[in-house]
**Student:** 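Just passing along the structure, written as structure tokens.
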Amino acid sequence: MSEEKSLNFIEEIIENDLNTGNYKSIITRFPPEPNGYLHIGHSKAICLNFGLAIKYGGSTNLRFDDTNPVTEETEYVESIKEDIKWLGFNWSQELYASDYFDQLFQFAVELIQKDLAYVDDSSSEEIAALKGTPTEPGTNSAFRARTKEENLQLFMEMKDGKYKDGEKVLRAKIEMAATNMLMRDPIIYRIKHAHHHRTANKWCIYPMYDFAHGQSDSIENITHSICTLEFIPHRELYDWFIKSLNIFPSHQYEFARLNMTYTVMSKRKLLQLVNEGFVNGWDDPRMPTISGFRRKGFTPKSIRNFCEKIGVAKRENLIDLSLLEFCLREDLNETAQRAMAVLDPVKLIINNYEDGKTETLQCENGPTELAGKRNLEFSRELWIEREDFMEEAAKKWFRLAPGSMVRLKSAYIVKCESFEKDENGKITTIFCSYFPNSKSGADESGIQVKGTIHWVNAQNALSAEIRLYDRLFNVENPAADERDFKEYINLNSLEIISNAFVEPSLLNAKIEDRFQFIRKGYFCLDKDSTKDHLIFNRTVTLKDTWSKEAKKTD
RNA sequence: UGGGUUAUGGUGUAAAGGUAGCACAACAGAUUUUGAUUCUGUUUGUCUAGGUUCGAAUCCUAGUAACCCAACCA
């Protein structure tokens with residue numbers, strides 16, 4: 001029995017198109033401009049476009065919208081392809097708007113011949129001045145009345161490089177009094193003597209977005225061209241070009257882009273974070289880029305599930321970061337290997353454990369039998385987490401305190417006998433006794449303890465660097481904040497722990513391997529890591545009801 | 001003050017005139033050799049005002065609020 005799941009509005013449109021025979025199958029496209037790295041907002045569009053094609057048996061093209069040579073670079077093309085593949089999607093064709101430059105040029109010629117386009121010699125200021133405002137109609141340019149022949153000749157000359165940047169533009173001849181500002185004779189070609197990442201110096205005129213996007217969709221027989229809400233006003237123009245050129249009628253549909261608490265999605269702001277050194281590059285684990293999430297230890301599946309859960313609609317939204325974290329933990333809980341790591345070590349000595357003795361214990365690798373077990377060595381001196389000891393036990397404290405007992409994970413129950421401090425009052429060593437008959441899996445002690453703590457063996461523990469990340473902004477909706485974002489950026493978003501200890505099995509970890517450090521959270525091996533200097537990134541903490549409890553009793 | 005789009009718990013999203021549901025979050029409890037996981041339960045909502053109807057989140061009227069549009073960016 002498949003569970004009845006309601007459709008989003010785009011799925012309804014598609015099912016209707018399929019049921020009525022408007023289309024036999026669908027083709028979608030994901031059309032990034034290669035001028036930056038993909039972020040979590042893009043993953044919503046990616047999951048939508050690719051997901052729709054998978055669900056309805058169609059296909060999805062990856063098309064780079066590379067119509068502005070001054071902002072685009074091959075580096076971005078490569079990172080975009082890598083990110084989409086990492087998310088788990090395959091495009092049927094890798095295409096470029098620049099592949100269509102000849103065809104688009106012909107379309108422009110056709111519009112001129114139909115008297116639907118003209119060359120305007122006005123400066124951009126003059127064009128803006130004649131455009132009017134949302135409440136006042138625009139006025140016709142003096143160049144609007146040129147003959148087809150003259151327009152054609154001038155357009156050819158533009159193409160041939162006879163004019164400098166900004167000297168002339170080609171505009172669609174529509175309606176200067178239109179209520180939709182985009183219909184007031186929009187510019188469709190501009191002169192840019194610039195090097196293009198693919199066509200090099202072949203062209204010195206480039207089509208504008210509106211004269212490239214819809215036509216590219218049409219050339220590829222895209223049935224459902226899905227974009228974000230801010231393109232709604234463009235749809236009228238999109239349709240006008242398709243009708244005027246009498247080409248395959250692709251249709252545009254718009255959904256609300258993803259916004260998420262405590263982060264920003266704007267490419268401009270992301271670039272600023274990188275350029276001004278608030279983060280260490282586009283793949284810094286604090287960045288909302290796909291490469292940042294990857295480096296932080298996120299799984300592709302968790303991001304796909306997240307995109308599924310947030311839904312698709314047309315209203316503005318601000319998704320709670322906790323939903324993404326939920327999807328992450330849900331996946332990691334099932335897949336991450338368990339290991340023990342002590343982030344803030346304090347020495348624990350077992351008084352009645354024979355000095356020099358070592359025994360091997362078994363510890364489960366994951367929540368199910370399938371994960372198997374690994375061996376751990378146990379001896380007299382261990383490192384435990386400083387925060388697992390309290391000199392004076394709080395209410396409901398289950399961990400170590402003078403006289404109290406806890407289980408050392410997969411090992412023995414110990415009782416705290418005494419402790420030592422240095423001159424600053426900092427605990428230096430905790431002394432315990434252990435119950436030899438309380439060994440994990442063969443406990444005959446009959447002792448019940450409420451707490452279990454993790455540990456590493458002081459003899460063979462590996463030292464490691466651990467990077468803890470926090471949100472980049474202190475305010476819930478940084479995008480809506482009018483202030484300069486330097487005023488609400490979280491300056492403590494990265495904490496580096498250089499003296500942590502991890503269990504020896506972690507020496508074999510590979511880059512991006514993911515682990516749950518028991519009781520501490522999920523971590524992955526960072527790309528900067530080496531065998532001599534292990535580095536782990538904290539992906540996300542575990543849910544922590546104790547810290548809430550502790551706050552309450554404060 | 002022109003045009004367009006959107007309004008459902010704290011957040012996101014369903015319900016196509018007929019029981020306002022689901023998920024996250026929050027809260028309470030059970031289980032637990034991770035204060036994790038798992039399980040059980042609880043709290044919280046239809047923008048406002050009128051109207052139509054046996055019955056309205058849904059239809060009508062009038063408001064209100066938010067977002068988008070005046071780049072030779074996409």
Side-chain angles (χ1 to χ4, degrees), chain A residues 5-8 12 31-33 35 65-68 70-72 120 122-124 127-129 131-138 165-171 178-184 186-192 205-206 208-210 212-213 227-236 254 256 261 267 306 309-327 329-330 333-334 338 340 363-364 367 396-399 406-411 413 438 440-441 443 449-454 476 516-521 541-550:
Chain A
K5 198 176 176 301
S6 53
L7 303 175
N8 65 49
E12 280 182 9
E33 182 188 12
N35 69 346
D65 239 341
D66 54 352
T67 56
N68 185 0
V70 303
T71 60
E72 296 150 8
D120 195 326
S122 309
S123 67
S124 69
I127 289 177
K131 195 150 204 170
T133 70
T135 53
E136 297 159 311
D165 288 11
E167 259 189 293
K168 286 182 166 47
V169 290
L170 184 70
R171 303 177 71 178
T179 54
N180 182 348
M181 299 293 290
L182 279 158
M183 299 300 277
R184 323 246 261 224
I187 293 167
I188 60 181
Y189 260 97
R190 78 285 215 189
I191 299 169
K192 273 184 197 277
I205 57 171
Y206 292 91
M208 296 287 287
Y209 165 85
D210 287 298
H213 199 92
C227 60
T228 47
L229 251 29
E230 64 268 28
F231 289 95
I232 289 177
H234 294 252
R235 188 174 62 226
E236 190 179 358
E254 311 86 7
T261 54
K267 218 169 255 182
F306 171 71
K309 279 189 203 291
I310 59 178
V312 178
K314 300 187 80 150
R315 87 181 79 140
E316 291 290 328
N317 58 73
L318 183 62
I319 312 275
D320 211 314
L321 178 64
S322 63
L323 181 60
L324 215 208
E325 293 183 341
F326 166 82
C327 295
R329 293 190 184 106
E330 185 183 41
N333 178 48
E334 287 178 18
R338 306 295 128 122
M340 291 206 274
C363 185
E364 67 275 15
K396 296 190 187 173
W397 178 254
F398 301 159
R399 287 119 90 158
V406 294
R407 175 174 291 281
L408 295 169
K409 174 72 181 169
S410 296
I413 292 174
S438 67
S440 185
D443 187 348
V449 290
K450 296 265 304 201
T452 298
I453 64 172
H454 61 281
E476 196 171 57
Q516 185 197 92
F517 290 169
I518 289 189
R519 303 207 308 132
K520 295 312 292 180
T541 59
L542 257 24
K543 275 177 75 177
D544 184 1
T545 47
W546 164 249
S547 68
K548 285 179 195 165
E549 185 67 33

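Order of the sequence lines sets the chain letters (A, B, ...), proteins ahead of strands, with each chain counted from 1.
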**Student:** For A:D320 and A:S124, take the nucleotide of RNA chain B holding the closest heavy atom to each; which residue's nucleotide lies nearer the 5' end?
**Tutor:**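 Per heavy-atom nearest nucleotide, the more 5' residue is A:D320.
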**Student:** Report which part of the nucleic acid A:T67 touches: base, sugar-phosphate, or nothing (heavy-atom distance under 4.0 Å, all strands).
**Tutor:**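 Sugar-phosphate only.
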**Student:** Relative to the ring of A:Y209, is the ring of A:H234 parallel (under 30°), tilted (30 to 60°) or perpendicular (over 60°)?
**Tutor:**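 Ring orientation of A:H234 relative to A:Y209: perpendicular.
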**Student:** Nearest 0.5 Å please: distance from the CG atom of A:D320 over to the CD1 atom of A:I310.
**Tutor:**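 Answer rounded to 0.5 Å: 12.5 Å.
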**Student:** To the nearest 0.5 Å, what is the distance between CD (A:E364) and CD1 (A:I518)?
**Tutor:**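 The distance works out to 6.5 Å.
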**Student:** With sugar-phosphate meaning primed atoms plus P, OP1 and OP2, does A:F398 contact a base, only sugar-phosphate, or nothing at under 4.0 Å between heavy atoms?
**Tutor:**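 Contact class for A:F398: base.
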**Student:** Ignoring hydrogens and angles, answer whether the base of B:U33 and the side-chain atoms of A:S440 contain a donor-acceptor pair closer than 3.5 Å.
**Tutor:**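 Looking at the base of B:U33, it does pair with a donor or acceptor on the side chain of A:S440 (distance under 3.5 Å).
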**Student:** Expressed as a whole number of angstroms, how long is the span from A:E325:CD to B:A36:P?
**Tutor:**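 Atom CD in A:E325 sits about 16 Å away from atom P in B:A36.
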**Student:** Separation of A:L318 atom CG from B:G12 atom P, in whole Å?
**Tutor:**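 Between P of B:G12 and CG of A:L318: 7 Å.
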**Student:** Should the side chain of A:H454 and the base of B:A36 be counted as holding a donor-acceptor pair, with the cut-off at 3.5 Å?
**Tutor:**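 Answer is no: no donor-acceptor pair is held.
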**Student:** Check every atom of B:G12, B:C67, B:A74 against the side chain of A:E316 and return the nucleotide holding the closest atom.
**Tutor:**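 In terms of side-chain proximity for A:E316, the closest of B:G12, B:C67, B:A74 is B:C67.
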**Student:** Looking for any heavy atom pair under 4.0 Å, which part of the strands does A:T228 touch: base, sugar-phosphate only, or nothing?
**Tutor:**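 Touches nothing.
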**Student:** Can you check the distance between B:C72 and B:G9, where both ends of the measurement are the C1' atom (answer in whole Å)?
**Tutor:**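 About 48 Å, rounded to a whole number of Å.
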**Student:** In whole Å, I'd like the distance from the CD atom of A:E549 to the C1' atom of B:A28.
**Tutor:**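 Atom-to-atom, A:E549 to B:A28, this comes out as 12 Å.
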**Student:** In whole angstroms, how far is the P atom of B:U37 from the CD atom of A:E364?
**Tutor:**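 Roughly 16 Å, once rounded to whole Å.
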**Student:** Reckon A:Q516 touches a base, only the sugar-phosphate, or nothing at all at heavy-atom distances under 4.0 Å?
**Tutor:**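 It contacts base atoms.
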**Student:** Are the charged groups of A:K543 and A:E325 less than 4.0 angstrom apart, N to O?
**Tutor:**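 Between A:E325 and A:K543 there is no salt bridge, as every charged N stays at least 4.0 Å from the carboxylate O atoms.
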**Student:** At 4.0 Å (heavy atoms only), tell me whether A:Y189 reaches a base, stays on the sugar-phosphate, or touches nothing.
**Tutor:**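 Nothing, no heavy atom under 4.0 Å.
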**Student:** Checking all strands, does A:S322 fall into the base, sugar-phosphate, or nothing category for heavy-atom contacts under 4.0 angstrom?
**Tutor:**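 Touches sugar-phosphate only.
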**Student:** Measure the distance from CG on A:D65 to P on B:A74 and round it to the nearest whole Å.
**Tutor:**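 Going from A:D65 (CG) to B:A74 (P), I get 8 Å.
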**Student:** Using atom C1' in both nucleotides, what's the gap between B:A25 and B:G50 to the nearest angstrom?
**Tutor:**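 Each nucleotide's C1' atom is 37 Å from the other's.
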**Student:** Figure out the CG/C1' separation between A:L324 and B:C24, and round it to whole Å.
**Tutor:**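 These atoms are roughly 11 Å apart.
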**Student:** Side chain of A:A313, heavy atoms from C-beta onward: which of B:C73, B:C68, B:U13 has the nearest atom to it?
**Tutor:**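 My answer, after comparing the listed nucleotides, is B:U13.
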**Student:** Counting only side-chain heavy atoms from C-beta out, which of B:C24, B:A36, B:G35 sits nearest to A:K396?
**Tutor:**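 So the side chain of A:K396 is nearest to B:G35.
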**Student:** Has A:W546 got its ring stacked on B:G35, by the test of a centre gap below 5.5 Å and a plane angle below 30°?
**Tutor:**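 Ring-base stacking flag set for A:W546 and B:G35.
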**Student:** What contact category does A:N317 fall into here, base, sugar-phosphate, or nothing, at under 4.0 angstrom with non-hydrogen atoms?
**Tutor:**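 Sugar-phosphate: the residue A:N317, judged by heavy atoms under 4.0 Å, touches backbone atoms but no base.
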**Student:** So, does A:K309 get its side chain near the phosphate of B:C22, meaning an N or O under 4.0 Å from OP1 or OP2?
**Tutor:**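 The answer is no; no side-chain N or O of A:K309 sits under 4.0 Å from OP1 or OP2.
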**Student:** Establish, with yes or no, whether the OP1 or OP2 oxygen of B:G35 is under 4.0 angstrom from a side-chain nitrogen or oxygen of A:R519.
**Tutor:**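 So the side chain of A:R519 is within the cut-off, an N or O lying under 4.0 Å from OP1 or OP2 of B:G35.
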**Student:** Pick the C1' atom in B:U1 and in B:A70, then give their distance to the nearest Å.
**Tutor:**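 My reading of the C1' atoms in B:U1 and B:A70 gives 15 Å.
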**Student:** Give one of base, sugar-phosphate or nothing for A:G521, where a contact means two heavy atoms less than 4.0 Å apart.
**Tutor:**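 Nothing: the residue A:G521, judged by heavy atoms under 4.0 Å, touches no strand.
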**Student:** In whole Å, measure the gap between the C1' atoms of B:A66 and B:C27 for me.
**Tutor:**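 About 31 Å, rounded to a whole number of Å.
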**Student:** Of the candidate nucleotides B:G3, B:C73, B:C69, which contains the atom at the shortest distance from the side chain of A:T179?
**Tutor:**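 When the side chain of A:T179 is considered, B:G3 is the closest of B:G3, B:C73, B:C69.
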**Student:** In whole Å, measure the gap between the C1' atoms of B:A65 and B:C47 for me.
**Tutor:**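 7 Å, rounded to whole Å.
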**Student:** Give me the distance, rounded to whole Å, that separates B:A49 from B:U6 when you measure between the P atoms they each carry.
**Tutor:**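 Result for the P pair: 23 Å, nearest Å.
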**Student:** What's the gap between B:C68 and B:A30 when it is taken at their P atoms, as a whole Å value?
**Tutor:**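 Pairwise P distance, B:C68 against B:A30, rounds to 49 Å.
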**Student:** Suppose you measure atom C1' in B:A74 against the same atom in B:A57; what distance do you get, rounded to whole Å?
**Tutor:**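 About 37 Å, rounded to a whole number of Å.
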**Student:** Give a yes/no answer on whether the side chain of A:T545 brings an N or O atom under 4.0 Å of OP1 or OP2 in B:A36.
**Tutor:**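 For B:A36, OP1 or OP2 has a side-chain N or O of A:T545 closer than 4.0 Å.
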**Student:** Can you tell me the Watson-Crick or wobble partner of B:C72, both distances under 3.5 angstrom?
**Tutor:**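 Check on B:C72: unpaired, no WC or wobble geometry under 3.5 Å.
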**Student:** Are any of A:K543's side-chain N or O atoms less than 4.0 Å away from OP1 or OP2 of B:U34?
**Tutor:**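 Looking at the OP1 and OP2 atoms of B:U34, neither is under 4.0 Å from any side-chain N or O of A:K543.
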**Student:** Using a heavy-atom cut-off of under 4.0 Å over every strand shown, decide if A:I518 touches base, sugar-phosphate, or nothing.
**Tutor:**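 Base contact - A:I518 has a heavy atom under 4.0 Å of at least one base atom.
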**Student:** Reckon A:R399 touches a base, only the sugar-phosphate, or nothing at all at heavy-atom distances under 4.0 Å?
**Tutor:**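 The answer is base, as A:R399 lies within the cut-off (heavy atoms under 4.0 Å) of a base atom.
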**Student:** Taking CG from A:D544 and C1' from B:C27, how many angstroms apart are they, rounded to a whole number?
**Tutor:**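 In whole Å, B:C27 C1' and A:D544 CG are 16 Å from each other.
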**Student:** When you get a sec, tell me which of B:C67, B:A74, B:A70 is the closest nucleotide to the side chain of A:K131?
**Tutor:**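 Selected nucleotide (nearest to the side chain): B:A70.
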**Student:** From the list B:G3, B:G12, B:C72, which nucleotide is the closest neighbour of the side chain of A:V169?
**Tutor:**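 My answer, after comparing the listed nucleotides, is B:C72.
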**Student:** Starting at NZ of A:K314 and ending at P of B:A7, how long is that distance when rounded to a whole Å?
**Tutor:**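 Going from A:K314 (NZ) to B:A7 (P), I get 10 Å.
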**Student:** Report which part of the nucleic acid A:I187 touches: base, sugar-phosphate, or nothing (heavy-atom distance under 4.0 Å, all strands).
**Tutor:**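 Result for A:I187 = base.
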**Student:** Has A:R315 got a side-chain N or O lying under 4.0 Å from the OP1 or OP2 atom of B:U8?
**Tutor:**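 Checking B:U8 against A:R315, a side-chain N or O does come within under 4.0 Å of OP1 or OP2.
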**Student:** OP1 or OP2 of B:A36 sitting under 4.0 Å from any side-chain N/O of A:K520?
**Tutor:**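 No, outside the criterion.
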**Student:** B:A36, OP1 or OP2 - any side-chain N/O from A:R338 closer than 4.0 Å?
**Tutor:**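 Checking B:A36 against A:R338, no side-chain N or O comes under 4.0 Å of OP1 or OP2.
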**Student:** Could you write out each protein N or O paired with an N or O of nucleotides 15-19 of chain B at a distance under 3.5 Å?
**Tutor:**
none

**Student:** Can you tell which of B:G4, B:U6, B:C73 lies closest to the side chain of A:N68?
**Tutor:**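 For the A:N68 side chain, the nearest candidate turns out to be B:C73.
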**Student:** Of A:P134 and A:I453, whose nearest nucleotide on RNA chain B comes first from the 5' end?
**Tutor:**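 So the residue in question is A:P134.
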**Student:** Is A:T261 touching bases, backbone alone, or none of the nucleic acid, heavy atoms closer than 4.0 Å?
**Tutor:**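 It contacts nothing in the nucleic acid.
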**Student:** Please classify the nucleic acid contact of A:V70 as base, sugar-phosphate, or nothing, using heavy-atom distances under 4.0 Å.
**Tutor:**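 Contact class for A:V70: none.
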